[in-house]
Amino acid sequence: MFSKILIANRGEIAVRVIKTCRRLGIATVVVYSDADAGSLAVEMADESVHIGPSPANQSYLVADKIIDACRQTGAQAVHPGFGFLSENAGFAQRCADEGIVFIGPNPGAISAMGDKIESKKFAQAAGVSCVPGHIGEIDDTAHAIRISEQIGYPVMIKASAGGGGKGIRVAWTQQDVEEGFPAVRAEAKASFGDDRIFIEKFIVSPRHIEIQVLGDKHGNVVHLFERECSIQRRNQKVIEEAPSPLLDEATRNAMGAQAVALAKAVNYDSAGTVEFVAGQDKSFFFLEMNTRLQVEHPVTELITGLDLVEQMIRSAWGEKLAFEQKDLKINGWAIESRIYAEDPYRKFLPSIGRLVRYAPPEEGQREGYKVRNDAGVREGDEISMFYDPMISKLCTWAPTRIAAVDGMGRALEDFHIEGLGQNIPFLNAVMDQERFRSGQLSTNYIKDEFPDGFAGTEPTPAQIDILTAVGAAMQRVYAARARTNVAGLNGTVRDEWVVAVGHAKRRVKLSGDEDLTVDLLDEGRALILSDIDWRPGKPVFRGVLGGAAFTVQVAPAAEGFTIRHRAAKARVLVLTPRSAELHDMLPEKQAADTSKLVLSPMPGLVVSMDVAAGQQVREGEVVCVLEAMKMQNIIRAERDGVVKAVNAKGGDPVAADEVLVEFA
Ligand code: ADP
Ligand code: ADP
Ligand code: MG
């Protein structure tokens, strides 16, 4: 076996590979850029090599630097992780030429599958069912329109070299093609340096189902069943699971057989994934093959008991697969939630910054489910604008799907992050939706269920009870403290209060010692809160209410607390009966008038400021362009007006909510 492996990646996946190497007794080397100098991966690896500035094209993407680092450290093999050089056939070939083993498929397989047009040709020849379309390059807009009419609208315009949700556009009409074709072509050129475009049928409201395959250098290929990754935004995955709630045994076997046939056709000899779109009627069509480890591989590991990184290392070393298809079985159900540094309340825009607090749920077996959290960060680390905005991948496993979903809901409750926007409340909202729970998925799920974006959910009656009890419990602690602060003053703490959750007020009477009984005086019932795990200053409050364990995130707010349970967040005030009366007479606070301001919707860099003071601007006109994490965001005027002041220029870093432009 190898004695030393270099990992040409960063973050979560570098840590993931190190863990397997440690278990196998293999020494590890990681490379790192300026931004990653103090990273967890660098801390965990046996050795580390600095390879340059933060931008990936000056560090992680420079093949020469990776090869040099292998030479310098004597690493015999390179694991590329995903992204970066993982699907670069030239790099794999270069490793081979230098006598370094590339832990991935052979270069021939990468180039055959790395390109969407070429891979479709292979797939067709191997008898794989493909999305109806034009398997070839499109020359110009006129050609694009002709092809689109032949296929029939809607169609999807795609960059052959595309990936990661970039270089993809749907066209419903000829006009969409006229606009979309040049746009995709420009994006493809800018992002991938390759402007070849093809067009295929757009399958409306499909599901994304993919088959994990695994091959060795002796001609053996098996599949490790499917993953469903239909919960996406901007064609990028957010929640994945294995197996798929859609598939039956016959469809699973048919997809598996096609995936294996395609892998065999290109002598596939490592871990890889064959992606399909599937109709709700279980018809399925090949999309592309990813010739690398996938982000969402942990769910497959959880249902098969295999370590995919170990399997890749063994195949690369030349070992034969130790099992055949008939030895493999699906055990239970696994779900992955990608925890992203993005603001779900602002259209999922990136939200970079420091992880002021980072407290993931504990990994391992819990009551009825298992938790796994793959991360490459620690508290205090920064999510920078240079790389992927993923913070961690939270997985749960259970014998059944619904138990895995419930486990995920609880694990997300227990995940505490402060310092930047993150999508945990959004993920929690999905786990609570009946449609998700019943497995009726589609790639339109987020658009269908959150048509106006995400704004949190209204607390349910059960959640109002939790928020009431938690608010009362915290108030009781603070009130008792206030008493004992004054020497010699031993008066009792008041026990009658009015708790307001949002606008709804309830009169309560508190009693009990360690546990708290909250008598709801107007309803004639009581809430019993036990197993309280909280003290002043802690942002996480755990307890058991009416027999059910819960975790909420708490923060002090004017006069009371802000408490979040899952996707429901509310201001909770605990008032004396007298102040509750006065409170009813207070006028509602008005939100500040920001209609004349253009605020930055996300932290990032100003790419261009397109208006100047004194300029007349029409509704819809571009005011400026912002960029963070490779995503550009065009800010347009929301109404006609004259610019009074411009507060930022191209090149300036800006914070969220910073005033960019003021209108007169
Ligand atoms: P996958 O391609 O694994 O199914 P995605 O399509 O969401 O999942 O991944 C988007 C792309 O982003 C990946 O293809 C990969 O190229 C890139 N990527 C994801 N995470 C990282 C990372 N930590 N570093 C570099 N690139 C990454
Ligand atoms: P990437 O390289 O980013 O993985 P893919 O071509 O695999 O790009 O597509 C990503 C996502 O876009 C898919 O998961 C699916 O949701 C959607 N998609 C791609 N092609 C089609 C299609 N022909 N019809 C409908 N949806 C599609
Ligand atoms: Mg894909």
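Each residue takes its place number in the sequence, starting with 1. In listed order, ligands and their atoms are each counted from 1. Scope of the values below: all heavy atoms of this structure, side chains included, with no hydrogens, waters or symmetry mates.
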Exercise. With a 4.0 Å cut-off on heavy atoms, is K158 touching ligand 2?
Worked result: yes
Exercise. Looking at F285 versus F276, is the centre-to-centre ring distance below 6.0 Å?
Worked result: no
For this session: Report the residues that fulfil salt bridge (Lys or Arg N to Asp or Glu O under 4.0 Å) with R401, sequence neighbours left out, ordered by chain and then residue number.
Result: E241
Problem set entry | Residue pairs passing the salt bridge (Lys or Arg N to Asp or Glu O under 4.0 Å) test where at least one lies in residues 140-156, sequence neighbours excluded | none
Problem set entry | Ligand-residue contact atoms, ligand 2 with G163, heavy atoms, under 4.0 Å | 1 (P), 2 (O), 3 (O)
Exercise. Parallel, tilted or perpendicular for Y345 and F454, by the 30°/60° rule?
Worked result: tilted
Problem set entry | E200: numbered ligand 2 atoms lying under 4.0 Å from its heavy atoms | 20 (N), 21 (C), 22 (C), 23 (N)
For this session: Within a distance under 4.0 Å of any heavy atom of T443, pick out the atoms of ligand 2 and give their elements.
Result: 16 (O)
For this session: Would you mind running through ligand 2 and noting each atom that sits below 4.0 Å from a heavy atom of F202?
Result: 24 (N), 25 (C), 26 (N)
Exercise. Is the closest heavy-atom distance from K166 to ligand 2 below 4.0 Å?
Worked result: no
For this session: Tell me, please, if E210 has any N/O/S atom, main chain or side chain, under 2.8 Å from the Mg ion (ligand 3)?
Result: no
Seminar exercise, completed: So the atoms of ligand 2 within less than 4.0 Å of a heavy atom of L287 turn out to be 7 (O), 13 (C), 19 (C), 20 (N), 21 (C)
